[in-house]
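These notes concern the structure reproduced below.
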Amino acid sequence: MDARFLGIAELAEAPSVAVVVDVMRAFTVAAWAFGQGAEKIVLAESLDEALALKARHPDWVTIKDGPPAPGFDTVNSPGLLRSMDLRGRTVVQKTTAGTVGALAVKEASLVLCAGFVVAEATARLLRTRACDSVTFVVTGEDGQADEDLACAQYIARRATEAETDAAAFLRRAGESRAAAELAEGVRQGVHPDDVALCLELDRFPFAMVAASEDSLMVLRRCAVPSLTDEERPRQGG
């Protein structure tokens, strides 16, 4: 598999297959939303669009980065989201990096959104689709976020090498600037468990696929075949 790792600004054209990575925290939050029963997630282009969708669909759940704000139901924190019952609900998500990255590749034939919590399922989907060329979109810090790059590189390796050890990749993410900012309270709208939840490898057994539906970019969970014992990733030291 030919893998490229690009920041959002480096995307000159729509790739055939894109894996958009935002570990801390957009796509960890998205995975938790599905884990809490959400039916689908609408990736909004702006805060105004998110609020407009909420006005038209009062039962939809709106999520944003940063501190709480009028019109939004919660913030972009897996630690806060895990206590919400989202069964059958539609979620609208707007973040500063993850959702922007997904919308930037909306013309791709296959768009996957990922973090460590769905890493193996994402790699397995790439394998089952026999993807020869994959562009990994590193969304944080203008393409320099080490937690996103580490996750992207891990998924790329797992898509081709069953023996890849996750430990070094998780260590890089845990030592990243984003992890430090979350742990130290530099960022707003944070739960104390957010970093640990973002580094929970393969917490969920599904991949997340984004596609255009009625002029909106919609993220849905996608089931993949379960792992055999031989295929399970190692997390040794």
Which heavy-atom pair separates [X] from [Y] by the least distance, and what is that distance?
| X | Y | value |
| --- | --- | --- |
| G98 | F27 | O-CZ, 3.3 Å |
| A26 | N76 | N-ND2, 3.6 Å |
| D194 | G189 | OD2-O, 4.3 Å |
| L197 | P78 | CD1-C, 3.8 Å |
| F169 | A150 | CD2-O, 3.3 Å |
| V195 | A179 | CG2-O, 3.6 Å |

Can you tell me how far [atom2] of [Y] sits from [atom1] of [X], rounded to the nearest 0.5 angstrom?
| X | Y | atom1 | atom2 | result |
| --- | --- | --- | --- | --- |
| D214 | S212 | CG | OG | 8.0 Å |
| T122 | D202 | OG1 | CG | 9.0 Å |
| R129 | R124 | CZ | CZ | 13.5 Å |
| I41 | T90 | CD1 | OG1 | 9.5 Å |

Under 3.5 Å: donor-acceptor pair, side chain of [X], backbone of [Y]:
| X | Y | answer |
| --- | --- | --- |
| T28 | M24 | no |
| T62 | A50 | no |
| D148 | G140 | yes |
| Q36 | A33 | no |

Under 4.5 Å between any side-chain heavy atoms of [X] and [Y], yes or no?
| X | Y | answer |
| --- | --- | --- |
| D146 | E141 | no |
| F34 | F204 | no |
| Q93 | V29 | yes |
| V91 | I63 | yes |
| S77 | V190 | no |
| F116 | C151 | yes |
| L219 | V209 | no |

Practice item. State whether the number of non-hydrogen atoms from other residues, nucleotides or ligands found under 6.0 Å of D132 atom CG is greater than 12. Key: no
Check your understanding: Does atom CD of E13 have more than 12 heavy-atom neighbours from other groups under 6.0 Å away?
Key -> no
Going only through I, L, V, M, F, W and Y residues with side-chain contacts under 4.5 Å, is there a path from [X] to [Y]?
| X | Y | answer |
| --- | --- | --- |
| V137 | I155 | no |
| V23 | V20 | no |
| V138 | V17 | yes |
| M208 | Y154 | no |
| V21 | L170 | yes |

Check your understanding: What do the steps show when you test T99 against M217 for side chain to side chain contact (heavy atoms under 4.5 Å, CB included), and what is the final call?
Key -> CA-CA 9 Å; T99 60; M217 192 66 165; over 6 Å; no
Exercise for review: Apply salt bridge (charged side-chain N to carboxylate O under 4.0 Å, His left out) to E120 and R127, showing your working.
Suggested key: CA-CA 10 Å; E120 181 60 30; R127 290 201 299 272; 3.4 Å; yes
Check your understanding: Which word best sums up how the rings of F5 and F136 line up, parallel for under 30°, tilted for 30 to 60°, or perpendicular for over 60°?
Key -> parallel
Point to revise | Reference residue V224; test side chain to side chain contact (heavy atoms under 4.5 Å, CB included); the match among L126, L125, T128 | key: L125
Check your understanding: Considering the options K54, R89, K64, which one meets the side-chain hydrogen bond (donor to acceptor under 3.5 Å, both in side chains) requirement together with D73?
Key -> K54
Check your understanding: What's the verdict on side chain to side chain contact (heavy atoms under 4.5 Å, CB included) for D2 and V134, showing C-alpha distance, side-chain angles and the deciding distance?
Key -> CA-CA 6 Å; D2 177 30; V134 180; over 6 Å; no
Check your understanding: So which pairs with a foot in residues 182-201 pass ring-ring contact (aromatic ring centres under 6.0 Å, His included), sequence neighbours left out?
Key -> none
**Study point:** Salt-bridge contact D193-R82 (side-chain N to carboxylate O under 4.0 Å)
**Key:** yes
Practice item. Using a strict cut-off of less than 4.0 Å between a Lys/Arg side-chain nitrogen and an Asp/Glu carboxylate oxygen, indicate whether E45 and K106 qualify as a salt bridge. Key: yes
**Study point:** T95 and V100: CA distance, side-chain angles, deciding distance, side chain to side chain contact (heavy atoms under 4.5 Å, CB included) verdict
**Key:** CA-CA 7 Å; T95 70; V100 175; 5.9 Å; no
Exercise for review: Sequence neighbours left out, what passes side-chain hydrogen bond (donor to acceptor under 3.5 Å, both in side chains) with S46? Give chain and number order.
Suggested key: none
Point to revise | Set of side-chain hydrogen bond (donor to acceptor under 3.5 Å, both in side chains) partners for E213, sequence neighbours left out | key: R220
**Study point:** Hydrophobic cluster partners of V42 (side-chain heavy atoms under 4.5 Å)
**Key:** L53, W60, V92, L216, V218
Check your understanding: Excluding sequence neighbours, so at least two apart, what forms side-chain contact (heavy atoms from CB on, under 4.5 Å) with R203?
Key -> W32, V117, E200
Point to revise | Qualifying residues under side-chain contact (heavy atoms from CB on, under 4.5 Å), relative to A104, sequence neighbours excluded | key: I8, L11
**Study point:** Residues D65, K94; criterion salt bridge (charged side-chain N to carboxylate O under 4.0 Å, His left out); working and verdict
**Key:** CA-CA 7 Å; D65 273 339; K94 170 66 180 86; over 6 Å; no
Exercise for review: Evaluate side chain to side chain contact (heavy atoms under 4.5 Å, CB included) for R172 paired with E147, printing each intermediate quantity in order.
Suggested key: CA-CA 6 Å; R172 282 170 54 194; E147 74 280 3; over 6 Å; no
Exercise for review: For T164 and R158, test the side chains for any donor-to-acceptor distance below 3.5 angstrom and give the result as yes or no.
Suggested key: no
